[in-house]
Amino acid sequence: MTDSPKPPLTEIAFTPAVKVMQERLGSRPLMERLEASGRWKNHLTPELAGFIESRRSVYFGTASRDGQPYIQHRGGPPGFLQILDARTLMFFDYPGNKQYISLGNLAENPKAFLFMMDYPTKTRIKFWGRAVVDFGQDGTRRILFHIEAWDINCRKHIPNLVPADTTSPE
């Protein structure tokens, strides 16, 4: 028995409805070339690992069972976002406003998204994946993010912003 070929990782984001819109707006041929290039990956590269380890800020997206989206900022000193292996990231879930929307969403729907931005280098990276909450016996909570696909976005339209203080978390 032979394995059937896997669909391109872009199919995670390029759903049938997205492809229809790409066709309607004229970008479908370009996106077909992107799909054929194999540029999207599902594991970390050494360059990407360095980028992740230097982050002080990330946006974490979840959705409820019925698809209601929610975005939450997470941050800390460089290294708060940890690499556990080539396809798994981890960060601690510290108490904030105590709404627990992200945690509740993950209890119903493990699909999640990470968005990382570096304004000085105009680099933004998108991660699609699944996340779970690991409730530690000591009361800590960790978010484990399992990477399904990632892509580096174009630099066009990123404003030229530089942090005022590069020694403390944002």
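Hydrogens, waters and symmetry mates are skipped; everything else that's a heavy atom, side chains included, is used.
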Closest heavy-atom pair and its distance - A13, V18: O-CG2, 3.5 Å
Sequence neighbours excluded, which residues qualify as ring-ring contact (aromatic ring centres under 6.0 Å, His included) partners of F145? none
T88 side chain vs D85 backbone, donor-acceptor pair below 3.5 Å: no
Say you draw a straight line from CG of D93 to OG1 of T140; how long is it, rounded to the nearest 0.5 Å? 10.0 Å
Indicate the atoms forming the closest heavy-atom contact of I158 with T123, along with that distance. CD1-N, 4.4 Å
Please find the pair of heavy atoms, one from L9 and one from K41, that lie closest to each other, and give the distance. CD1-C, 3.3 Å
Pair listing, side chain to side chain donor-acceptor pair (under 3.5 Å) test, anchored in residues 25-36, at least two apart: T10-E35, Q22-R28, R28-E35
Under the salt bridge (charged side-chain N to carboxylate O under 4.0 Å, His left out) rule, collect the residues that match up with D134, sequence neighbours excluded. R142
Answer with yes or no whether the hydrophobic clustering places L81 together with W128; edges join I, L, V, M, F, W, Y residues whose side-chain heavy atoms lie under 4.5 Å apart. no
Using the rule that two of Ile, Leu, Val, Met, Phe, Trp, Tyr join whenever any of their side-chain heavy atoms come within less than 4.5 Å, decide whether V58 and I152 are in one cluster. yes
Check ring-ring contact (aromatic ring centres under 6.0 Å, His included) between Y59 and all other residues, then give those that pass, not counting sequence neighbours. H73
Got a sec, which residues hit side-chain hydrogen bond (donor to acceptor under 3.5 Å, both in side chains) with W40, two or more places apart in sequence or on another chain? D151
With distance as the sole test, does R87 use its side chain to make a donor-acceptor pair with the main-chain N or O of I147 at under 3.5 Å? yes
Hydrophobic clusters here meaning ILVMFWY residues chained together by side-chain heavy-atom distances under 4.5 Å, can you tell me if L89 and F80 are in one? yes
Point-to-point distance, once rounded to the nearest 0.5 Å, from CD1 of I83 to CE of M90: 11.0 Å
Can you sort out the partners of D118 under side-chain hydrogen bond (donor to acceptor under 3.5 Å, both in side chains), two or more places apart, ordered by chain and number? R55, T121
Please name the pair of heavy atoms, one in R39 and one in L34, separated by the smallest distance, quoted to 0.1 Å. CZ-CD1, 3.5 Å
Connected-component partners of V20 among ILVMFWY, side-chain separation under 4.5 Å: none
Got M116 and F127 here, is their nearest side-chain heavy-atom distance under 4.5 Å? yes
Not counting sequence neighbours, which residues clear side-chain hydrogen bond (donor to acceptor under 3.5 Å, both in side chains) with R124? List them please. none
Only pairs under 3.5 Å count here: list side-chain donor-acceptor contacts from residues 105-114, not counting sequence neighbours, and write none if there are none.
| from | atom 1 | to | atom 2 | distance (Å) |
| --- | --- | --- | --- | --- |
| N105 | ND2 | T62 | OG1 | 2.9 |
| E108 | OE1 | R65 | N | 3.1 |
| E108 | OE2 | R65 | NH2 | 3.1 |
| N109 | OD1 | K111 | N | 3.0 |
| N109 | ND2 | A63 | O | 3.4 |
| N109 | ND2 | S64 | O | 3.4 |

What pairs with E53 under salt bridge (charged side-chain N to carboxylate O under 4.0 Å, His left out), at least two apart in sequence or on another chain? none
I'd like to check W150 versus L48 (side-chain heavy atoms, cut-off strictly below 4.5 Å). Are they in contact? yes
Contact summary for Y119 and P159, nearest pair of heavy atoms: CD2-O, 3.7 Å
Heavy-atom pair of closest approach, residues G61 and I71: CA-CD1, 3.9 Å
Once ring pair (Phe, Tyr, Trp, His ring centres under 6.0 Å) is applied, what residue pairs with a partner in residues 85-104 remain, sequence neighbours excluded? F60-F91
Considering only Ile, Leu, Val, Met, Phe, Trp and Tyr, and joining two whenever side-chain heavy atoms are under 4.5 Å apart, list the other residues clustered with Y70. I101
